[in-house]
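For reference, the structure is listed below as structure tokens.
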Number of protein chains: 2
Amino acid sequence: MTITTAEENYLKAIFKIAEKEGKAVLTNSIAGAMNTAAASVTDMLKRLSDKQLIKYEKYRGVALTEEGSRVATVLIRKHRLWEVFLVDKLGFAWDEVHDLAEQLEHVQGESLVDRLDTFLGHPRFDPHGDPIPDAEGRWVYRQQVRLSVLQPGQRGVVTGVDDHAAPFLQYLDQIGLGLGVELLLTARTAYDQSVQVLIGGRAEVTLSDKVAQNLFVKVS
Amino acid sequence: MTITTAEENYLKAIFKIAEKEGKAVLTNSIAGAMNTAAASVTDMLKRLSDKQLIKYEKYRGVALTEEGSRVATVLIRKHRLWEVFLVDKLGFAWDEVHDLAEQLEHVQGESLVDRLDTFLGHPRFDPHGDPIPDAEGRWVYRQQVRLSVLQPGQRGVVTGVDDHAAPFLQYLDQIGLGLGVELLLTARTAYDQSVQVLIGGRAEVTLSDKVAQNLFVKVS
DNA sequence: AAATATTTTTAGGTTAACCTAAAAATATTT
DNA sequence: AAATATTTTTAGGTTAACCTAAAAATATTT
Ligand SMILES: [Mn+2]
Ligand SMILES: [Mn+2]
Ligand SMILES: [Mn+2]
Ligand SMILES: [Mn+2]
């Protein structure tokens with residue numbers, strides 16, 4: 001049975017919402033993620049259910065089946081590998097690759113993903129720090145926390161971003177924050193939870209709580 | 001105005017038929033190339049005509065407009081660059097890349113093609129010997145002839161194939177014929193026009209006229 | 001528990017891209 | 001030139017993936 005591009009995108013959205021929320025995924029969450037009307041989601045859920053890619057109970061939400069989960073995992077693997085290709089090989093910036101990868105992830109073909117993986121040297125993380133599942137669908141989890149939980153005096157290394165949108169990534173570039181950058185949280189302002197951060201031992205910047213919430217770091 | 005994947009495929013088919021036949025492209029030729037019913041072609045022709053990508057006269061056939069021709073050329077450029085990527089970088093064989101490139105050619109994005117072109121070192125020919133138009137849509141033409149027109153005693157170098165299907169390409173691999181291979185036509189059998197060919201100064205093979213018709217060589 | 005608000009589904013549409021069968025136009029043969 | 005054959009278009013359908021508006025189900029508030 002063949003799976004369409006639209007179906008794949010829904011499965012990926014459901015996978016990500018389930019991962020984040022940890023419970024049955026509701027129609028409106030999917031509609032929000034996919035930018036479609038709730039009625040369109042109900043429509044698609046019927047089709048995915050017929051294909052046994054989700055378990056769907058009317059009004060109760062959905063969960064991926066084993067097969068649906070496998071398809072979503074492969075899709076995420078493809079998306080992230082293509083992002084690595086675009087950044088490492090073609091020289092795109094990390095804020096430019098999402099829409100391209102969103103298309104490339106749907107290219108179907110025997111051995112393409114695995115050859116791409118080999119060509120790229122089996123990267124374990126994408127340009128945004130997100131883990132790339134291996135050919136068997138296994139995930140690597142990092143012990144990382146949001147920068148917002150660090151206490152003054154704690155050091156860390158940037159490992160990822162929660163917000164993947166271009167404006168945030170461009171802002172990070174501007175202040176010199178990227179994956180692998182070492183930082184020291186020097187102070188937190190009680191009033192608005194903004195933090196003072198020393199970047200790479202050189203520049204000192206003030207980051208709003210919103211920014212700190214969207215940055216993942218590994219405490220060192 | 002956005003152009004769909006189906007529309008792009010039709011434009012490419014029309015471009016190629018026009019190139020080969022040199023006159024107005026008829027509904028049935030397109031239907032043959034696209035593997036669709038003639039009625040579906042008529043349907044699509046109306047849409048392409050509305051979008052000013054073709055000039056369409058009922059019952060008389062079609063021709064691409066300037067814009068339609070530009071779109072088709074970019075598509076062929078993308079297709080062939082992706083084929084080079086798949087063979088040179090990912091290690092696919094020349095008989096495995098067509099279907100993948102058929103999908104990859106539709107990926108849309110600012111600067112993707114040109115970055116890919118740069119990454120690949122601005123190749124001028126694809127893995128089948130077909131020319132790759134440059135960023136301005138300019139074509140390189142080769143002075144090549146079909147192997148079937150060579151006279152006994154003439155030498156040549158393989159520059160391309162007319163039939164791109166896997167069985168033919170695999171047959172060529174098997175007998176040691178590929179792009180760049182030097183050969184000498186030693187004899188032609190009058191009865192069936194089959195030819196004797198000395199490959200790379202070593203192996204002597206007999207090729208049917210059908211094979212000789214589908215091989216392009218540069219006489220040397 | 002009833003009333004009200006929210007969420008989800010159903011009903012009924014649209015568009016692109018396909019289809020078959022019949023009709024119309026064009027080309028070829030006699 | 002008429003008859004016949006071939007090609008193309010038209011008419012009328014289907015399916016996936018969307019939509020809005022109304023109805024139904026579920027959740028929350030009073
Ligand atoms: Mn996608
Ligand atoms: Mn990413
Ligand atoms: Mn294509
Ligand atoms: Mn090719």
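Just so we're clear, the structure is a prediction, and the values are computed from it rather than from any experiment. Reckoned from all heavy atoms, side chains included, excluding hydrogens, waters and symmetry mates. Below, chain A is the first sequence line, B the second, and so on; all start at residue 1.
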- Reckon B:Asn28 touches a base, only the sugar-phosphate, or nothing at all at heavy-atom distances under 4.0 Å? sugar-phosphate
- Task: Quick one: sort the A:Trp139 and A:Tyr141 rings into parallel, tilted or perpendicular, breaks at 30° and 60°.
- Result: parallel
- Between A:Lys12 (side chain) and A:Val71 (backbone), is there a donor-acceptor pair under 3.5 Å? no
- So side-chain hydrogen bond (donor to acceptor under 3.5 Å, both in side chains) across residues 119-136 of chain A, not counting sequence neighbours, yields A:Glu83-A:His128, A:Asp117-A:His122, A:Asp130-A:His164, A:Asp134-A:Arg138, A:Glu136-A:Arg138
- Query: Near DNA chain C, which residues from residues 10-23 of chain B have a heavy atom under 4.0 Å away?
  - Reply: B:Tyr10
- Which pairs count as salt bridge (charged side-chain N to carboxylate O under 4.0 Å, His left out) when at least one residue sits in residues 208-219 of chain A, sequence neighbours excluded? none
- Query: Is DNA chain C part of any stem, that is, at least 3 consecutive Watson-Crick or G-U pairs with both distances under 3.5 Å, and where?
  - Reply: C:1-30 with D:1-30
- Query: In a check of side chain to side chain contact (heavy atoms under 4.5 Å, CB included) between A:Val195 and each of A:Thr206, A:Leu185, A:Leu150, which one passes?
  - Reply: A:Leu185
- Query: Rounded to the Å, how far apart are B:Arg60 CZ and D:dT7 C1'?
  - Reply: 12 Å
- Message: Any side-chain N or O of B:Thr42 below 4.0 angstrom from OP1/OP2 of D:dT9?
- Response: yes
- Any residue of residues 45-59 of chain A with a heavy atom less than 4.0 Å from an atom of DNA chain C: A:Lys46, A:Tyr56, A:Lys58, A:Tyr59
- In chain order, what residues pass the side chain to side chain donor-acceptor pair (under 3.5 Å) check against A:Ser208, with sequence neighbours excluded? none
- Message: Mind checking if A:Ala39 touches a base, just sugar-phosphate, or nothing, with heavy atoms under 4.0 Å?
- Response: base
- Measure from CG on B:Asn35 to P on C:dC18 and round the result to the nearest Å. 11 Å
- Matching residue for B:Glu8 among B:Leu75, B:Leu53, B:Val74 - test: side chain to side chain contact (heavy atoms under 4.5 Å, CB included): B:Leu75
- Message: Just to be sure I understand the rule, does B:Thr36 reach a base, reach only the sugar-phosphate, or reach nothing, if contact means heavy atoms closer than 4.0 Å?
- Response: sugar-phosphate
- Message: Just to be sure I understand the rule, does B:Thr27 reach a base, reach only the sugar-phosphate, or reach nothing, if contact means heavy atoms closer than 4.0 Å?
- Response: sugar-phosphate
- Message: Counting the atoms with a prime plus P, OP1 and OP2 as sugar-phosphate, which does A:Ala6 contact under 4.0 Å by heavy atoms, base, sugar-phosphate, or nothing?
- Response: sugar-phosphate
